[in-house]
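These notes are about the structure you will find just below.
Every number for a ligand or one of its atoms is a count from 1 in the order of the listing. Just so you know, these numbers use all the heavy atoms, side chains as well, and skip hydrogens, waters and symmetry mates.
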Amino acid sequence: MKIAIGNDHAAPELKLAVAEHLREKGHEVTDTGCAIGEKCDYPNAAKKVCELIRAGEAELGILICGTGVGMSLAANKFKGIRAACCSEVFSARLTREHNDANVLCFGARVVGEGTALDLVDAFVDTPFSGDERHARRIGLITAIENGEL
Ligand code: RB5
């Protein structure tokens with residue numbers, strides 16, 4: 001799977017661990033985040049990943065900041081992006097199954113590396129259920145995004 005990953009200055013080390021983990025599992029990872037020692041603002045980092053998804057150059061995105069919250073707020077401003085901020089595995093799995101989320105956000109100051117890798121595995125390995133009721137609700141989110149609701 002093609003996965004884009006981004007981070008701000010709160011999370012370069014965790015980003016590297018996540019990218020390595022995904023590559024070891026055979027995924028193609030595009031790292032758009034900032035490096036250790038660099039400063040960057042999370043909305044700019046979110047934009048880079050969301051644009052790759054919107055352009056079809058990545059199927060899923062992972063955004064890591066201090067809490068994951070700023071990244072999810074910024075990412076959800078982009079059309080077609082459904083970003084979920086998760087700090088436990090159940091939500092990371094369900095947001096794929098029910099919400100067809102295409103971006104996972106979490107915080108390097110909230111979760112440790114072990115939990116982060118579990119979140120990533122749950123998110124990446126779970127497909128959207130395709131269930132009609134979930135698809136209808138996602139359609140309603142899209143209608144809100146388009147000013148139709
Ligand atoms: C940066 O210090 C911090 O505000 C950011 O990483 C993030 O937690 C914002 O939501």
What's the separation between atom NZ in K77 and atom SG in C50, rounded to the nearest 0.5 Å?
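Reported to 0.5 Å precision, the distance equals 12.5 Å.
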Side chains of I141 and N99: does their closest heavy-atom pair fall under 4.5 Å?
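Side-chain contact under 4.5 Å: no.
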Flag the pair L140 / L149 as yes when at least one side-chain heavy-atom distance between them is below 4.5 Å, and no otherwise.
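Yes, side chains in contact.
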Just to be sure I understand the cut-off, which residues have at least one non-hydrogen atom under 4.0 angstrom from an atom of ligand 1?
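For ligand 1, the residues that come within the 4.0 Å heavy-atom cutoff are D8, H9, A10, Y42, C65, G66, T67, G70, R109.
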Can you list the steps and then say if L119 with V111 is a side chain to side chain contact (heavy atoms under 4.5 Å, CB included)?
CA-CA 10 Å; L119 292 172; V111 299; 4.3 Å; yes
Does one hydrophobic cluster hold both L14 and L22, with members joined at side-chain heavy-atom distances below 4.5 Å?
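Yes, L14 connects to L22 through the hydrophobic network.
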Side-chain donor-acceptor pairs under 3.5 Å in residues 54-64, sequence neighbours left out?
{"unit_1": "R54", "atom_1": "NH1", "unit_2": "K79", "atom_2": "O", "d": "2.8"}
{"unit_1": "E59", "atom_1": "OE2", "unit_2": "K2", "atom_2": "N", "d": "2.9"}

